[in-house]
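Some notes on the structure that comes next.
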Amino acid sequence: DLVAVDEGFTQMIRESRAVSRMSMSRMSGLLSGTASRGFSRTPLRRDSLPMEDLGEPAPPEFEDELNNVEVKLGKNLKLTCTVLGNPWPSVVWRKDGVELRPGVRLTISHRSDGECTLKVTAITRQDAGEYQCEAVNDLGREVTEATVKVK
């Protein structure tokens, strides 16, 4: 089946199992065109997105929050959360209050559907601590936290 989108502007998409499982807020991002932005290894800035009407303004809100995790020494860590907001929130990852930057062992991504991921390879004992994902836009700030233990 096809679905028409927007008043006065018709955009068609194919309904699929993936779309039908999306929350309405994620679907509005897909329908407004933000879902075609792909992946970014650095935080997305509001001014990096095209100027278009993305719907009702909303402060950042975590649809899926971080979870505490215990990782075996030498294994890989993956922390994931999902944040939505309009304007599009910028995202910053922190460990023990210090901002994290991508590097040899650390990868950060922020997908257009709002999924934010932090990956750390070959975990060491120094990687244990309190991790935060902070999302900010013009309307507010939201933080989700998780404790990472290394065993």
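Each residue takes its place number in the sequence, starting with 1.
Among residues two or more places apart in sequence or in another chain, the side-chain contact (heavy atoms from CB on, under 4.5 Å) test is passed with Asn68 by Ala146, Thr147. Legend: residues meeting side-chain contact (heavy atoms from CB on, under 4.5 Å) with Gln132, ordered by chain and number and at least two apart, are Arg94, Val143, Glu145. Residues forming a side-chain contact (heavy atoms from CB on, under 4.5 Å) with Val150 (at least two apart in sequence, or on another chain): Leu73, Ile123, Arg125, Ala128. The side-chain contact (heavy atoms from CB on, under 4.5 Å) search around Glu70 returns Lys149, Lys151, not counting sequence neighbours. Judged as a side-chain hydrogen bond (donor to acceptor under 3.5 Å, both in side chains), and not counting sequence neighbours, the contacts of Asp127 are Arg105, Thr124. For Thr144, the side-chain hydrogen bond (donor to acceptor under 3.5 Å, both in side chains) partners two or more places apart in sequence, or in a different chain, are Glu65.
A 4.5 Å side-chain heavy-atom check between Trp93 and Leu106 finds every atom pair outside the cut-off. Looking only at side-chain heavy atoms (C-beta outward), Val69 and Leu79 come within less than 4.5 Å of each other. Contact annotation: the side chain of Glu61 never approaches that of Glu142 to less than 4.5 Å [non-hydrogen atoms, C-beta and beyond]. Side-chain atoms of Asn86 and Glu56, non-hydrogen and from C-beta on, never get closer than 4.5 Å to each other. Proximity of Val83 to His110: side-chain heavy atoms (C-beta onward) are separated by under 4.5 Å at one or more points. A heavy-atom distance below 4.5 Å is not found between the side chains of Cys116 and Phe62. Using a 4.5 Å heavy-atom threshold, the side chains of Cys133 and Leu118 count as separate.
In terms of heavy atoms, Glu63 sits closest to Leu84 at OE2-CD1, 3.4 Å. The minimum heavy-atom distance linking Glu115 with Asp113 is given by the pair N-OD1, 3.1 Å. In plain terms, the two heavy atoms of Asn137 and Pro60 that are nearest each other are OD1-CD, 3.2 Å.
Looking at Asp96, its side chain never comes within 3.5 Å of a backbone N or O of Gly129 through a donor-acceptor pair.
Taking a 6.0 Å sphere around NZ of Lys119, one finds it holds 12 or fewer heavy atoms contributed by other residues, nucleotides or ligands.
Residue Leu100 holds its CG atom at 8.0 Å from NZ of Lys95, rounded to the nearest 0.5 Å.
Residues Val136 and Val92 do not share a hydrophobic cluster, clusters being chains of Ile/Leu/Val/Met/Phe/Trp/Tyr side chains in contact below 4.5 Å.
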